[in-house]
> 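Take this structure first; my questions come after.
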Amino acid sequence: MEGKGEAPAIGIDLGTTYTCVGVWQDDRVEIIANDQGNRTTPSCVSFTDTLRHVGDAAKNQAAMNPTNTVFGAKRLIGRKFNDISYLVDISWPFKVIPGPGNKPIIVVTYKGEEKHYAAEESHPWYSILLIKTKEIAEAHLGSTVKNAVVTVPAYFNDSQRQTTKDAGLIAGLNVMRIVSEPTAAAIAYGLDKKATSAGGKNVLIFDLGGGTFDVSLLNIEEGTFEVKATAGDTLLGGEDFDNRMLKHFVREFKTKNEMDISGKPRALRKLRTACERPKRTLSFTTVATIEIDCLYNGVDFYSRISRARFEDLNMDLFQKCIELVRKCLRDANMDKNSVHDVVLVGGSTRIPKVQQLLQDFFNGKELCKSINPDEAVAYGAAVQAVILSGEGNDKVQDLVLLDVTPLSLGLEILGGVMSVVIPKNTKIPCEKEEKYTTVKDNQTRVLIHVYEGEGTKVSENSLLGKFTLSGIPPAPKGVSILNVCFSIDVNGILKVTAEEKTTGRKKKITIKNGKCRLSKAEIKKMVQDSEKCKAEDRYHKKKVEAKNSLVNYAYKMQNTIKYDDEIASKLTAVDKKKIEDAVKFVLQWLDGNQLAEADEFEDKKKELEIIWHPIMAKIYMG
Ligand code: AMP
């Protein structure tokens, strides 16, 4: 756009279902309405024979052009086709196929030609949506927008953050900062209610949007926001509630009309679009109706659904949200009573049952609903934008932003072991240096493999990148010292540098877009797997300890009566036999029960103690 000048930096929330943009104007954040007068714009793109539509225009023609209307594409970013294949037919009327490396590919027809878009890359969708958002802001501000702060889900890894920055470049925007969505929401919240008490305020951000769920625990102290822990699910949100209702009505339509529309994209799209309205209505009333003329084959569909039925259809999903809240608190090692405020973000937090379950979980605590849940993230992004451009007033200048690493980062050392350099949940930006040494005599090169994950072995983690540091002077093993430095910038982008001390030879790698990074679900799974492994480890450790304790006790009894002359001299023949028999019995039992449970070993030990203690008491007390 030809502008009058440069507009202030804007804050953009690129939501799964809606995009929202804000700007700092006249000492406050203004949420900018689009050309339709709406303060949020559907994150929807459609392709026709002649045109590409974005936003409301795309959503409005979705029922007529379902297979070429793409929405919720954010849910596909960084995922494997297998993970989402169960959602393909029912959730997305557009075609999603597996591509190379099992990555989902979105297939649409545009200007009569079949186009394949790699869904694991956010470029195509983000850049199209960012262009639209830039236009909306420019129309409002009357000048060219160059700079923006863009939000991403908390679990977006650095490759996905980098991709988002690249999408900004494609759209002609300099992305000054990538901010996690819940952190942005907390900024909006923190502006109003700065924490002054010692230790600050612990705020839980419960963000249930259209396609994703994020829960974050933040500490807010004197304008400083620190993310203590995050949890979430990229496949959980309002669209899932729509889909549950959709399935319910598909069944009802089948029963009523003996027609199955489950494989009919156009009818499904029409029904799905229609489901969102009663869902929203049910947040305010106890019964809602649905009316669709000519849903399929000229048959109309009129029905009603109660709030209770809707809640029943989705209860497992609502409970899952609470489970993730529990997990987030566990990760932060925080008791729920230490949470000062619980903030609702995302359109789906208007659902009364969700609010009630959350409130019950926090023992009846009043939830913070003062921030418009659809706009809070963009609001925070706009605040961050004004801080970064140095144009804000005292109200915002002292806000600092801290974020954390979602997974541990480290490198492979001898034996395939993961040596963690930056542990999970470390505040970013950060820099950490570790010293390593050569493992072979005269070793002149070292291969550095950088991994992400919680496994103790690198085979359980994800390889982010590798490089070789060569030219190390030959020396006996352990003599050469290598300094390896991991640094993560404010956008969460990782740089790894290795330097050999004596020669000063240096090599570095930036973990950028295109590397095989992890999706949120993979991160979640890895964390879960490692938690499972830890639980198994604890179980085995307990078992081994119990077994060892029993064996030691049995041999101690045997050796004492054999080699401790004082005790042996005072022992009656009957007691000696009793002990020998008991030990023999236990050792035989052990031969056949090596895999017994910890409590069985403990019981057997108690049986020995019951024999041993009275005999010893007799000896010592006379
Ligand atoms: P967001 O991604 O935060 O923009 O949230 C959008 C989601 O919120 C969509 O799935 C909407 O259907 C849902 N939503 C908006 N308003 C309501 C409401 N009143 N009741 C239930 N869900 C809502």
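Atoms within each ligand, like the ligands themselves, are counted from 1 in listed order.
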> Among all the protein's non-hydrogen atoms, which is closest to atom 16 (N) of ligand 1, and how far away is it?
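Nearest protein contact, heavy atoms only, for atom 16 (N) of ligand 1 is R350 NH1, 3.1 Å.
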> Working to the nearest 0.5 angstrom, can you tell me the gap between E138 CD and K146 NZ?
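That separation rounds to 10.0 Å.
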> Measuring from the heavy atoms of F284, does anything fall under 4.0 Å of ligand 1?
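Yes, that is the case, since the closest heavy atom of the residue is under 4.0 Å from the ligand.
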> Using atom types as modelled and distance alone, determine if a side-chain donor or acceptor of D240 lies under 3.5 Å from a backbone N or O of G237.
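Such a contact is found between D240 side chain and G237 backbone.
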> Does K327 come within less than 4.0 Å of E323, counting only side-chain N to carboxylate O?
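Here K327 does not pair with E323 in a salt bridge, since their nearest N and O are not under 4.0 Å apart.
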> Answer side chain, backbone, both or neither: which part of S348 comes under 4.0 Å from ligand 1, heavy atoms only.
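It is both backbone and side chain that touch ligand 1.
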> Do NZ/NE/NH1/NH2 and the carboxylate oxygens of D312 and R309 come within less than 4.0 Å?
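R309 and D312: salt-bridged.
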> Check whether any N or O atom of D242, backbone or side chain, sits under 3.5 Å from an N or O atom of ligand 1, and answer yes or no.
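No: no nitrogen or oxygen of D242 is under 3.5 Å from one in ligand 1.
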> List every atom of ligand 1 that sits less than 4.0 Å from any heavy atom of S283, numbering the atoms from 1 in the order shown and giving each element.
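So the atoms of ligand 1 that pass are 18 (C), 19 (N), 20 (N), 21 (C).
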> Could you tell me which atoms of ligand 1, counted from 1 in the order shown, lie closer than 4.0 angstrom to a heavy atom of G238?
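Answer for ligand 1: 10 (O).
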> Looking at ligand 1, does G15 have a heavy atom less than 4.0 Å from it?
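No, G15 has no heavy atom closer than 4.0 Å to ligand 1.
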> Answer side chain, backbone, both or neither: which part of E276 comes under 4.0 Å from ligand 1, heavy atoms only.
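It is the side chain that touches ligand 1; the backbone stays farther off.
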> Should you measure from each heavy atom of G347, which atoms of ligand 1 turn up under 4.0 Å away?
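In order of numbering, the contacting atoms are 1 (P), 3 (O), 5 (O), 8 (O), 13 (C), 14 (N), 15 (C), 16 (N), 17 (C), 22 (N), 23 (C).
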> Check this for me - ligand 1, G210, N or O atoms closer than 3.5 angstrom, yes or no?
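There is such a contact, yes.
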> Residues in side-chain contact (heavy atoms from CB on, under 4.5 Å) with T17, at least two apart?
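Per chain and number, T17 pairs via side-chain contact (heavy atoms from CB on, under 4.5 Å) with E239.
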> Taking the basic N atoms (NZ, or NE/NH1/NH2) and the acidic carboxylate oxygens, is any pair closer than 4.0 Å for D374 and R350?
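Yes.
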> Considering all heavy atoms of both residues, which atom of A332 and which atom of L217 are nearest to each other, and what is their separation?
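Closest approach of A332 to L217: CB-CD2, 3.4 Å.
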> Show the atoms of ligand 1 that are less than 4.0 angstrom away from any heavy atom in G346.
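The list of qualifying atoms is 3 (O).
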> Which pair of non-hydrogen atoms, one from A385 and one from I10, has the smallest distance, and what is that distance?
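Scanning both residues, the minimum pair turns out to be CB-O, 3.6 Å.
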> Who's the nearest protein heavy-atom neighbour of atom 6 (C) of ligand 1, and how far?
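Scanning the protein heavy atoms, the shortest distance from atom 6 (C) of ligand 1 goes to T17 OG1, 3.4 Å.
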> Considering only NZ, NE, NH1 and NH2 on the basic side and carboxylate oxygens on the acidic side, decide whether K59 and E276 come within less than 4.0 Å.
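Answer for the salt bridge query: yes.
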> Testing L173, V150, I178 one by one against K165 for a side chain to side chain contact (heavy atoms under 4.5 Å, CB included), which residue passes?
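The side chain to side chain contact (heavy atoms under 4.5 Å, CB included) with K165 is passed solely by I178 among L173, V150, I178.
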> What do you reckon, does I351 put a non-hydrogen atom under 4.0 Å from ligand 1?
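True for this residue.
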> Is the shortest N/O to N/O distance between K279 and ligand 1 below 3.5 Å?
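K279 vs ligand 1: N/O contact under 3.5 Å present.
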> Among protein heavy atoms, which sits nearest to atom 4 (O) of ligand 1, and what does the distance come to when rounded to 0.1 Å?
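Residue, atom and distance for the closest contact: Y18 CD1, 3.6 Å.
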